[in-house]
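Quick notes on the structure that follows.
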2 protein chains.
Amino acid sequence: MRLIEAIPATTWSATVPTSELLPLVLSKRDRLDPEDHAALSALPVRTERYEHGATIIPQGPAPNESCLVVAGMSLRTQQLGQSRTIVSAIHIPGDFVDLHAFLLDELDHSVVAQGRCEVQFIHSDALREVTRTRPHLTRLLWMSTLIDAKIHRAWLAASVGLRATERIGHLLSELFVRYQLIGAVRDGTFRMPLEQKDLESLLGYSKTHVNRSVQELRARGLIDWERNTVTVHQPDTLADLSKFDPKYLELRSAAR
Amino acid sequence: MRLIEAIPATTWSATVPTSELLPLVLSKRDRLDPEDHAALSALPVRTERYEHGATIIPQGPAPNESCLVVAGMSLRTQQLGQSRTIVSAIHIPGDFVDLHAFLLDELDHSVVAQGRCEVQFIHSDALREVTRTRPHLTRLLWMSTLIDAKIHRAWLAASVGLRATERIGHLLSELFVRYQLIGAVRDGTFRMPLEQKDLESLLGYSKTHVNRSVQELRARGLIDWERNTVTVHQPDTLADLSKFDPKYLELRSAAR
DNA sequence: CGATAAGTTGATTCGCATCAACTATTGTGG
DNA sequence: CCACAATAGTTGATGCGAATCAACTTATCG
């Protein structure tokens, strides 16, 4: 087992009861009135744990459940041709993994556990019922998928327009912000189930080149990164270098 | 004016009355019952035309309208730092341009006309009313944004995993399929408001390299492309070479 | 404490950018 | 209508960013 120890500190399950996780997540986007809150708490959920590399959702016909990361990390991976695998999204605690599954027939990607990972499943019927009766919640759920798309666009822009060093800086800036939002950064440091080698499938660079680029960021005093621990010494400088817009994950809804 | 003549043949406004466009577009996703159909037809819309390069939607605070391309083409463009502009989406007739705008406060991109372009605006209040009263329509609208995200993921994968020639093949395969879906391909040929030079901001390659890659595709007998006219001689071979999954935009499905 | 995997360094090759010239096409005004 | 201007497309030469192959060091785990 060369995993990071157990499920990382970045877990909510310790502090938040199962039924309160979803309302908590959505309340970060917009105020929930008591009825909405109750509707969410009442959703039946099933919690599962996965070992590193396990497939949480397979590519192909969409499952009749959607899920949410409770602890750890999962990756959305797409096949490109036969041989190549590309990561198209990273999910950390509080992120919906495949909310879109309940509206699509077929998923173009798999979801796999990166390190140990705990997720909460919600049946599509229950979600459909929410969309039938609770318009405001529907809009908030919809918004979650829009934020997903927003991140996709940012990755796409980074992929087209940045070179290795900047691009790694961009990814680390994003993870820094996202881990900050769930309270998992202390003194500029966070732990996550990614190592340098993982950037090979994430960004498409060889491990050799990833390493040289990471060294450059280190040499400039912007970051440290050993194994699963990342420290961002100068978030602003790093964001600037990487053309990362720190506001791009501001999450509040326009839909009341 | 070095535009493609007037609004291209790829227009629906000639054959479909304004109020019927939106129901027509959504009915491609799933059956509409008469009430849903009526609700859509009743939406007040405003039609506008833009010249090449005109900004249809500016980056920044989200507008209180969303829009749909009726004729021509529009591009979603993002700023990366000060200088670089990246295209993150292409919209052709029948595509929603910024349906997500009505749920987000702030747009991370602009939308500009590529060639002459006709769009239909729908006020956010009207959309919000639809989401309040018509759950099935809401799911279909939501699904439009999910397909958008699906295309983003395909672009991202292509951008990370393919080289210039394949990547251009990928884009042309996608456009071929999308234009086919709106009935704008005849004998493998379609016209569009993009030229080779436009791939510079679309894919991030220099025009020199774009040209050499296009020539390679031509030399292999896969395509022809002069100015605004593209012919795909062997869609299957091209898709295969480009690792393009031709199924990825098939839209119809079961219960929504 | 040995085995395995992550990280590091160097040498070579290749894809693509860049700069520069040139041709072909389209559009414009006299 | 023709001559010219402007833009799209084409070709060549050179340099840099990143892949690849290979060897090696360091950390981790059983």
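Because only heavy atoms are used, hydrogens play no part in the values below, and waters and symmetry mates are left out as well, while side chains stay in. Here is how names work: the chains are called A, B, and so on, in the same order as the sequence lines, proteins then strands, and each is numbered from 1.
In the helix from C:dC1-D:dG30 to C:dG30-D:dC1, the terminal helix axes, each the rotation mapping four pairs' C1' atoms onto the next four within five end pairs, subtend 40°, rounded to 10°.
For residues 199-208 of chain A, the side-chain hydrogen bond (donor to acceptor under 3.5 Å, both in side chains) pairs, not counting sequence neighbours, are A:Arg167-A:Tyr205. Pairs of residues two or more places apart, or lying in two chains, that qualify as ring-ring contact (aromatic ring centres under 6.0 Å, His included) and include a residue from residues 221-244 of chain A are A:His170-A:Phe244, A:Phe244-A:Tyr248.
As rounded to whole Å, 9 Å separates atom P of C:dC16 from atom CD1 of B:Ile168. For the pair B:Glu216 CD and D:dT10 P, the interatomic distance rounds to 14 Å; values are reported in whole Å. With rounding to whole Å, A:Glu200 atom CD is found 15 Å from C:dA5 atom P. Between B:Lys197 atom NZ and D:dA8 atom P there is a gap of 4 Å when expressed in whole angstrom units. Going from atom CD of A:Gln196 over to atom C1' of C:dT9 covers 13 Å, rounded to whole Å. Between the P atom of C:dA6 and the CZ atom of A:Arg227 lies a distance of 6 Å, rounded to the nearest Å. In this structure, B:Leu203 places its CG atom 18 Å from P of C:dG15, rounding to the nearest Å. Atoms CG (B:Leu199) and C1' (C:dC16) sit 15 Å apart, rounded to a whole Å.
For B:Glu65, the side-chain contact (heavy atoms from CB on, under 4.5 Å) partners at least two apart in sequence or on another chain are B:Arg46, B:Phe121, B:His123. Remark: A:Glu226 engages no residue in a side-chain contact (heavy atoms from CB on, under 4.5 Å) (not counting sequence neighbours). Qualifying side-chain contact (heavy atoms from CB on, under 4.5 Å) partners for B:Gln120, counting only residues two or more places apart in sequence or in other chains: B:Thr18, B:Leu21, B:Val45, B:Thr47, B:Leu68, B:Val70. Every residue was checked against the salt bridge (Lys or Arg N to Asp or Glu O under 4.0 Å) condition with A:Glu106, not counting sequence neighbours, and none meets it. B:His100 meets the ring-ring contact (aromatic ring centres under 6.0 Å, His included) test with B:His109; sequence neighbours excluded. Applying the side-chain contact (heavy atoms from CB on, under 4.5 Å) criterion to A:Pro235, with sequence neighbours excluded, gives A:Phe176, A:Val232. When the salt bridge (Lys or Arg N to Asp or Glu O under 4.0 Å) test is applied to A:Arg153, the partners found at least two apart in sequence or on another chain are B:Asp108.
In this structure, of C:dT8, D:dA8, D:dT11, it is D:dT11 that holds the atom nearest to the side chain of B:Gln215. Of the listed nucleotides (D:dA8, C:dT8, C:dA6), C:dT8 has the atom at the smallest distance from the side chain of A:Asn211.
Heavy atoms of A:Glu226 sit nowhere under 4.0 angstrom from any nucleic acid atom.
Salt-bridge check for B:Asp95 with B:Arg76: failed, with every basic side-chain N at 4.0 Å or more from each acidic carboxylate O. A salt bridge between A:Arg178 and A:Glu174 is present, with a side-chain N of the basic residue lying under 4.0 Å from a carboxylate O of the acidic one.
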Inset, instruction - Give the B/S/- string for nucleotides 18-23 of chain D, one per nucleotide from 5' to 3', where a protein heavy atom under 4.0 Å of the base yields B, of only the sugar-phosphate yields S, and otherwise -. - result: BSBB--
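Heavy-atom distances under 4.0 Å link DNA chain C to A:Arg218 of residues 217-225 of chain A, given in residue order.
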